[in-house]
Structure formats: structure tokens, C-alpha cells
Amino acid sequence: QVQMVESGGNSVQAGGSLRLSCAASGFSFRDYCLGWLRQAPGKEREEVAVMSPGGGTTSYSDSVQGRFTISRDNAKRIGYLQLDNLKAEDTAMYYCAAARYTGPGACRRLRPHDFEYWGQGTQVTVSS
């Protein structure tokens with residue numbers, strides 16, 4: 001049974017930090033692109049970070065570049081998203097997701113509908 005389970009969401013003050021985790025099971029995690037996406041009320045789901053299976057390639061949205069860091073531990077089957085210098089506009093439900101790797105540059109080209117497996121989400125609330 002495929003599962004992706006996020007944890008680490010919380011309520012923090014602006015300028016604070018959080019570390020989100022995503023535990024994956026039921027599929028070959030090391031062969032998949034890892035993505036973190038978020039959705040705020042009334043807004044479309046937004047991809048904020050993506051990482052290639054081996055971790056050598058990462059991509060970030062302009063809104064989080066320089067503040068968020070994606071990482072993964074394939075041996076433990078866990079993905080991470082470090083959120084620093086949080087802003088009120090970062091408030092959203094955060095999801096981890098996985099898409100099968102199809103070749104060089106593939107992870108960067110992913111769009112939300114391309115991800116095959118999803119977690120249930122973890123809430124991040126930033127107060128100003």
C-alpha cells in the first residue's frame with residue numbers, strides 16, 4: 001500500500017522556521033522525483049520545491065527561493081522541506097508528492113497534476 005505521510009506543520013510567527021517531513025512507503029522512493037506543494041484557501045495548488053531521485057537537482061518557486069530547502073534521505077525513505085524566514089503568505093496546507101523519474105530534467109518540468117502519489121497534507125500557519 002502506497003503511503004506518504006507528512007508531519008511537522010505548526011503555527012509560527014513571521015520570521016520563524018519549520019521542518020516538514022514526509023515518510024514514504026509502498027513504492028520505490030529512490031526512483032521518484034520528490035515534490036513539495038502547497039495550497040492556500042481559495043488558491044490553486046502551487047509547486048514550491050522539487051528534487052531529483054538522487055538529490056542532485058533541485059528547483060524552487062520564485063516565492064520560496066532562498067528561504068526553503070528540500071532534501072531527502074533515500075535510505076530512510078524520508079523527504080524534508082526546511083522552511084526559514086517564514087512569511088504570512090506562506091500560510092497553506094503543505095503536501096509532499098512523488099512522480100516517477102523519466103529522465104534528465106524531468107523533475108523540474110513536473111506540474112501538480114503530474115505527481116502520482118500524494119500525502120494528506122500538514123498545515124503551516126504563519127502569523128505576522
Side-chain angles (χ1 to χ4, degrees):
Q1 180 182 358
V2 171
Q3 279 193 312
M4 299 189 79
V5 181
E6 302 95 336
S7 60
N10 211 332
S11 296
V12 297
Q13 297 274 349
S17 296
L18 286 172
R19 190 193 197 200
L20 308 184
S21 298
C22 171
S25 61
F27 65 102
S28 184
F29 181 69
R30 66 177 64 248
D31 294 327
Y32 281 68
C33 306
L34 171 67
W36 283 94
L37 303 92
R38 68 185 181 187
Q39 189 165 21
K43 294 188 177 181
E44 294 187 354
R45 195 164 292 189
E46 173 193 16
E47 183 178 308
V48 297
V50 65
M51 173 172 269
S52 59
T57 301
T58 58
S59 180
Y60 298 91
S61 68
D62 291 343
S63 60
V64 307
Q65 178 75 49
R67 299 188 298 119
F68 291 8
T69 305
I70 188 172
S71 61
R72 65 192 296 166
D73 184 332
N74 285 339
K76 295 182 179 179
R77 305 169 65 85
I78 299 177
Y80 302 99
L81 186 68
Q82 177 69 35
L83 293 69
D84 295 317
N85 191 20
L86 282 160
K87 304 176 180 179
E89 52 263 42
D90 294 320
T91 295
M93 185 72 77
Y94 283 72
Y95 301 87
C96 64
R100 187 178 295 274
Y101 179 72
T102 58
C107 299
R108 295 189 179 200
R109 293 191 293 270
L110 292 170
R111 295 296 177 262
H113 64 268
D114 294 322
F115 287 92
E116 184 175 352
Y117 303 130
W118 291 81
Q120 82 291 345
T122 187
Q123 179 68 37
V124 172
T125 302
V126 185
S127 57
S128 56

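Counting from 1, the numbers follow the sequence of the chain as shown.
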> Should the pair Arg45 and Phe115 be classed as cation-pi, given the thresholds of under 6.0 Å to the six-membered ring centre and 45° from the axis?
Replying inline: no
If you look at every heavy atom in [X] and [Y], which pair is closest and at what distance?
{"X": "Gly79", "Y": "Phe29", "value": "N-CZ, 4.0 Å"}
{"X": "Leu20", "Y": "Gly9", "value": "CD2-N, 3.6 Å"}
{"X": "Ala99", "Y": "Asp114", "value": "CB-O, 3.9 Å"}
{"X": "Pro112", "Y": "Trp118", "value": "O-CZ2, 3.2 Å"}
{"X": "Gln13", "Y": "Ser128", "value": "OE1-O, 4.3 Å"}
{"X": "Ser17", "Y": "Val12", "value": "O-CG1, 4.2 Å"}

> Do Ile70 and Arg72 come within less than 4.5 Å of each other through their side chains, counting heavy atoms only?
Replying inline: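 A side-chain contact is absent here, since even the closest heavy-atom pair is not under 4.5 Å.
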>> Do Pro104 and Ser52 have side chains that approach each other closer than 4.5 Å (heavy atoms only, starting at C-beta)?
In response: no
>> For Phe68, give me all partners under ring-ring contact (aromatic ring centres under 6.0 Å, His included), at least two apart in sequence or on another chain.
In response: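 Partners of Phe68 under the ring-ring contact (aromatic ring centres under 6.0 Å, His included) test: none.
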>> Out of the candidates Leu34, Leu18, Thr69, Val48, only one should pair with Leu81 under the side-chain contact (heavy atoms from CB on, under 4.5 Å) rule; please name it.
In response: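 Option passing the side-chain contact (heavy atoms from CB on, under 4.5 Å) with Leu81: Val48.
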> Could you walk me through whether Thr122 and Tyr94 pass the side-chain contact (heavy atoms from CB on, under 4.5 Å) check?
Replying inline: CA-CA 5 Å; Thr122 187; Tyr94 283 72; 4.3 Å; yes
Please round to the nearest 0.5 Å and tell me the distance separating atom [atom1] of [X] and atom [atom2] of [Y].
{"X": "Glu46", "Y": "Trp36", "atom1": "CD", "atom2": "CH2", "answer": "14.5 Å"}
{"X": "Thr57", "Y": "Met51", "atom1": "OG1", "atom2": "CE", "answer": "8.5 Å"}
{"X": "Gln123", "Y": "Glu6", "atom1": "CD", "atom2": "CD", "answer": "11.5 Å"}
{"X": "Gln120", "Y": "Ser7", "atom1": "CD", "atom2": "OG", "answer": "8.5 Å"}
{"X": "Ser28", "Y": "Arg77", "atom1": "OG", "atom2": "CZ", "answer": "7.0 Å"}
{"X": "Arg67", "Y": "Tyr60", "atom1": "CZ", "atom2": "OH", "answer": "12.0 Å"}

> Side-chain heavy atoms under 4.5 angstrom apart, residues restricted to Ile, Leu, Val, Met, Phe, Trp, Tyr: same cluster for Val126 and Leu37?
Replying inline: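 Different clusters.
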> In terms of side-chain geometry, is the basic nitrogen of Arg38 or Asp90 positioned less than 4.0 Å from the acidic oxygen of its partner?
Replying inline: yes
>> Checking the side chain of Thr125 only, and the main-chain atoms of Thr91 only, is there a donor and an acceptor separated by less than 3.5 Å?
In response: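 No: the side chain of Thr125 does not pair with the backbone of Thr91.
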>> Using ring centroids (six-membered ring only for Trp), state whether Tyr32 and Tyr117 fall under 6.0 Å.
In response: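 When the ring centroids of Tyr117 and Tyr32 are compared, they turn out to be within the sub-6.0 Å range.
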> Going through the checks in order, is the side-chain contact (heavy atoms from CB on, under 4.5 Å) test met by Glu47 and Ser61?
Replying inline: CA-CA 7 Å; Glu47 183 178 308; Ser61 68; over 6 Å; no
